Amino acid sequence: MHSLERTGPAFLEMAHGIVWASVATIDKDNRPRSRVLHPYWEWEGSTLVGWVATGATQTKRSHLEHSPYLSVNYWSDAQNTCVAECRGSWHFDLETREKVWNTYLELPEPLGYDPAIIPGWETFESETFAVLKLEPWRLRVFPASMLFEGSGEVLVWEA
């Protein structure tokens, strides 16, 4: 196992380089369900937190009510992979929604984008705009160099 101080920044760098993630939740019958989302991550010295602008669909809501845990998996065509196993929580307050909206506007592309391109999301106050907070309890960073060159290091952290 590695420290969060070592694994967190490596995870953030790889995840932000890949951008899109496959995110799996668990339904009421304990079956996984995946979708592609666009999280961004914040490293604050000793804490890693992810944020996702998304619609709080009935499916996502019911899955997170059943189990608040989800898996966020990134994979690049160069074979770099990283995974965050997280606790997810909805944030519907206007302050958080505005913060996440503005962060997406300020981040460089392709990580950053204008959320208003999504139909129904005119502003952070739009009824269908929601924020999902991701708090990892386990991280894994697997660089492609381990596969092809036997160099580098797989980093794993657990809370």
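Computed over heavy atoms, backbone and side chain alike; hydrogens, waters and symmetry mates excluded. Being a predicted model, the structure only gives us computed values, none of them experimental.
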Rounded at 0.5 Å granularity, tell me how far [atom1] in [X] sits from [atom2] in [Y].
X: Ser67; Y: Lys28; atom1: OG; atom2: NZ; answer: 14.5 Å
X: Asp77; Y: Trp75; atom1: CG; atom2: CH2; answer: 6.0 Å
X: Thr47; Y: Trp43; atom1: OG1; atom2: CH2; answer: 7.0 Å
X: Gln79; Y: Ser145; atom1: CD; atom2: OG; answer: 12.0 Å
X: Arg61; Y: Leu132; atom1: CZ; atom2: CG; answer: 11.5 Å
X: Glu13; Y: Ile18; atom1: CD; atom2: CD1; answer: 10.5 Å

Have His66 and Asp29 got a donor and an acceptor in their side chains that come within less than 3.5 Å?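 No pair is found: no donor N or O on one side chain lies under 3.5 Å from an acceptor on the other.
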Check the hydrophobic clustering (I, L, V, M, F, W, Y; side-chain heavy atoms under 4.5 Å; chains of links allowed) and say if [X] and [Y] are grouped together.
X: Val156; Y: Trp137; result: no
X: Val154; Y: Met14; result: no
X: Ile117; Y: Leu37; result: no
X: Leu134; Y: Leu4; result: yes
X: Trp51; Y: Ile118; result: yes

How far apart are the C-alpha atoms of Lys99 and Glu42, what are their side-chain angles, what is the distance that settles it, and do they pass the salt bridge (charged side-chain N to carboxylate O under 4.0 Å, His left out) test? CA-CA 12 Å; Lys99 172 195 174 280; Glu42 295 177 326; 3.1 Å; yes
Quick test of your reading of the model: are Glu153 and Arg6 salt-bridged, counting only N-O distances below 4.0 Å?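 A salt bridge is present here (some side-chain N lies under 4.0 Å from a carboxylate O).
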Electrostatic pair Lys60:Glu65 at N-O distance under 4.0 angstrom: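 Answer for the salt bridge query: no.
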Compute the centroid of each ring, for Trp20 and then for His38, and state whether the two points are separated by less than 6.0 Å.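 Yes, the ring centres sit under 6.0 Å apart.
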Determine the interplanar angle of the Trp41 and Phe11 rings, folded into 0 to 90°, and report it as parallel if under 30°, tilted if 30 to 60°, perpendicular if over 60°.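 Plane angle over 60°, so perpendicular.
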Would Arg140 and Leu155 count as a side-chain contact (heavy atoms from CB on, under 4.5 Å) here? Give the steps. CA-CA 6 Å; Arg140 182 173 182 263; Leu155 299 175; over 6 Å; no
Audit row: Arg35, Thr25, side-chain contact (heavy atoms from CB on, under 4.5 Å) steps and yes/no: CA-CA 9 Å; Arg35 77 267 303 141; Thr25 55; 2.9 Å; yes
Compare all side-chain heavy atoms of [X] with those of [Y] and state whether any distance is below 4.5 angstrom.
X: Val49; Y: Lys133; result: yes
X: Thr7; Y: Val141; result: yes
X: Leu64; Y: Trp90; result: yes
X: Tyr74; Y: Val19; result: no
X: Leu48; Y: Leu12; result: yes
X: Arg97; Y: His91; result: no
X: Glu135; Y: Cys86; result: no
X: Pro115; Y: Leu105; result: yes

Looking only at non-hydrogen atoms, find the nearest pair between [X] and [Y] and report the distance.
X: Gly120; Y: Ser126; value: O-CB, 3.2 Å
X: Val52; Y: Pro39; value: CG2-CB, 3.6 Å
X: Pro32; Y: Ile26; value: CA-CD1, 3.9 Å

CA sep, side-chain torsions, deciding dist, call: Leu70, Glu85, side-chain contact (heavy atoms from CB on, under 4.5 Å): CA-CA 6 Å; Leu70 41 82; Glu85 309 295 350; over 6 Å; no
Please assess Arg33 against Asp27 for the test side-chain contact (heavy atoms from CB on, under 4.5 Å), listing each intermediate value before the final yes or no. CA-CA 7 Å; Arg33 179 100 172 253; Asp27 73 10; 5.6 Å; no
Just by modelled atom types, is the Pro143 backbone N or O under 3.5 Å from a matching donor or acceptor in the Asn80 side chain?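 Not at all, since once roles are kept as given, no pair shorter than 3.5 Å links the two residues.
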Tyr104 and ring-ring contact (aromatic ring centres under 6.0 Å, His included): which single residue from Phe124, Phe129, Tyr40 fits?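 Answer to the ring-ring contact (aromatic ring centres under 6.0 Å, His included) test with Tyr104 among Phe124, Phe129, Tyr40: Tyr40.
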